[in-house]
There are 2 protein chains.
Amino acid sequence: MDFDAKFGNCPIYYTISKIEGKWKWVILYKLYKCKVMRYNRLWDDLQPIAHRTLSKQLKELEADGLVHREQYNEVPPKVEYSLTKDGETLTPILDMMSQWGERHINPRPEVSND
Amino acid sequence: MDFDAKFGNCPIYYTISKIEGKWKWVILYKLYKCKVMRYNRLWDDLQPIAHRTLSKQLKELEADGLVHREQYNEVPPKVEYSLTKDGETLTPILDMMSQWGERHINPRPEVSND
DNA sequence: CAGGATCCTCCACGATACTG
DNA sequence: CAGTATCGTGGAGGATCCTG
C-alpha cells in the first residue's frame, strides 16, 4: 500500500487498509477460533464466498504476514491455514469486534420493561 | 443490512458490515479523539476524501446510531458531529486498531542494535 | 482437494459543479 | 458553511469452468 504522509497521524487507517476486504476479518477470526483450517473447510464456513475471493484474500493475508499456509505434498492435496505470530496480535481486536457484534445484533434484552 | 442466518454465528461479520466503508473507522476515530467536529474540519482532516463520500458515510453512521449530528440554525450554517453513547462503545476497538497500526507502520524499533 | 483462469457485474468512491 | 446533484470509473467481488 502506498501510505503517504497524510496519514502518518492516522495509524488506524493503516490497519483498516491492511485488512481491507469483505471477508478478511472473518477469515482471521475463523483461524483464530479454529487454530488450523483446511481450504475447503474455510470455504464451507464462509458461504457464500467465491473461490476467487477466498483464495485471493488468503493470499493477501499471507503476503502481509498475518496468515500461514502449510502445504503438504500429498494426493489429494492438503493445505492448512493458520494465524502467524503477527496475525495473533490481532486477536484482541477480533474478540472485541465479535463481542460488539453480539451485543448489537439483538435488541438489548436488559432494558425490556414490557 | 440483510443479515441472514448463515452469519448468526459470525457476530464479527455483523460488526464489519455495520462499519463498512473506506473511511468510517477513521471518521469514528477522529470524532473519538476530537470529541466534536464541524463538517469542514472533518473534511479537511480526511483529505483526500470527496464530499459525497464523507457526507454519505456520516449519514450512514448517523442512521446506525453511532454518530450524532447537531445542527444549529444559523447563517452561515453550523453542524457538529460527535459520537453517540453507542458509538463510544467502539472506542476500545478504535484504540486497539490505532495501536496495532502504530506498531506495524514502522519496522520495530526495539530490535535496532546498530 | 485446493485452487487458477475467465468473464462479468455492480456499486463504492471520486471529481466537479451547484445551492440554501 | 454544509452539504446535494450528476456523472463517471476502477476494481473488488461473484459465477462458472477447468486442472494438477
All N/O contacts under 3.5 Å from nucleotides 1-3 of chain D to the protein, with atom names and distances to one decimal?
{"residue": "D:dC1", "atom": "O3'", "partner": "B:Arg38", "partner atom": "NH2", "Å": "3.1"}
{"residue": "D:dC1", "atom": "O3'", "partner": "B:Pro77", "partner atom": "O", "Å": "3.1"}
{"residue": "D:dA2", "atom": "OP1", "partner": "B:Arg38", "partner atom": "NE", "Å": "2.8"}
{"residue": "D:dA2", "atom": "OP1", "partner": "B:Arg38", "partner atom": "NH2", "Å": "3.1"}
{"residue": "D:dA2", "atom": "OP1", "partner": "B:Val79", "partner atom": "N", "Å": "3.3"}
{"residue": "D:dA2", "atom": "OP2", "partner": "B:Asn40", "partner atom": "N", "Å": "3.2"}
{"residue": "D:dA2", "atom": "OP2", "partner": "B:Asn40", "partner atom": "ND2", "Å": "3.3"}
{"residue": "D:dG3", "atom": "OP1", "partner": "B:Arg69", "partner atom": "NE", "Å": "3.2"}
{"residue": "D:dG3", "atom": "OP1", "partner": "B:Arg69", "partner atom": "NH2", "Å": "2.7"}
{"residue": "D:dG3", "atom": "OP1", "partner": "B:Tyr81", "partner atom": "OH", "Å": "3.4"}
{"residue": "D:dG3", "atom": "OP2", "partner": "B:Tyr81", "partner atom": "OH", "Å": "2.7"}

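- Under the ring pair (Phe, Tyr, Trp, His ring centres under 6.0 Å) criterion, B:Trp43 pairs with B:His51, not counting sequence neighbours.
- None of A:Ile12, A:Ile93, A:Leu94, A:Thr15 except one satisfies the side-chain contact (heavy atoms from CB on, under 4.5 Å) rule with B:Met96; the exception is A:Ile93.
- Rounded to an integer number of Å, the gap from CD1 of A:Ile49 to P of D:dA12 is 14 Å.
- Axis angle across the helix from C:dC1-D:dG20 to C:dG20-D:dC1, with five pairs used at each end and values rounded to 10°: 60°.
- Using a 4.0 Å heavy-atom distance criterion, B:Gln57 is classed as a sugar-phosphate-only contact.
- The closest side-chain heavy-atom distance from B:Leu58 to B:Arg69 is not below 4.5 Å.
- For the OP1/OP2 pair of D:dG14 and a distance below 4.0 Å, the side-chain nitrogens and oxygens of A:Trp23 include at least one atom meeting the criterion.
- Partners of A:Thr89 by side-chain hydrogen bond (donor to acceptor under 3.5 Å, both in side chains), not counting sequence neighbours, listed by chain and number: B:Trp100.
- Side chain of B:Tyr13 to backbone of A:Val26: no donor-acceptor contact under 3.5 angstrom is found.
- The outermost nucleotides of DNA chain C lying under 4.0 Å from heavy atoms of chain A, listed 5' to 3', are C:dC1 to C:dT6.
- In this entry the distance linking NZ of A:Lys56 with C1' of D:dA12 reads 6 Å, nearest Å.
- With sequence neighbours left out, B:Met37 forms a side chain to side chain contact (heavy atoms under 4.5 Å, CB included) with B:Lys30, B:Leu31, B:Cys34, B:Arg41, B:Leu42, B:Asp45.
- Counted within 6.0 Å of NZ on B:Lys35, heavy atoms from surrounding residues, nucleotides or ligands total 12 or fewer; the atom is thus considered open.
- Here D:dG8 presents its C1' atom at 11 Å from CZ of B:Arg52, a figure rounded to the nearest Å.
- Under the 3.5 Å distance criterion, with hydrogens and angles disregarded, a donor-acceptor pair is assigned to the side chains of B:Glu80 and B:Tyr72.
- Using a 4.5 Å heavy-atom threshold, the side chains of B:Thr53 and B:Lys22 count as separate.
- Among all heavy-atom pairs drawn from B:Trp23 and B:Gln57, the shortest one is N-OE1, 3.3 Å.
- Listed for the B:Tyr14 side chain is a donor-acceptor partner under 3.5 Å among the backbone atoms of A:His104.
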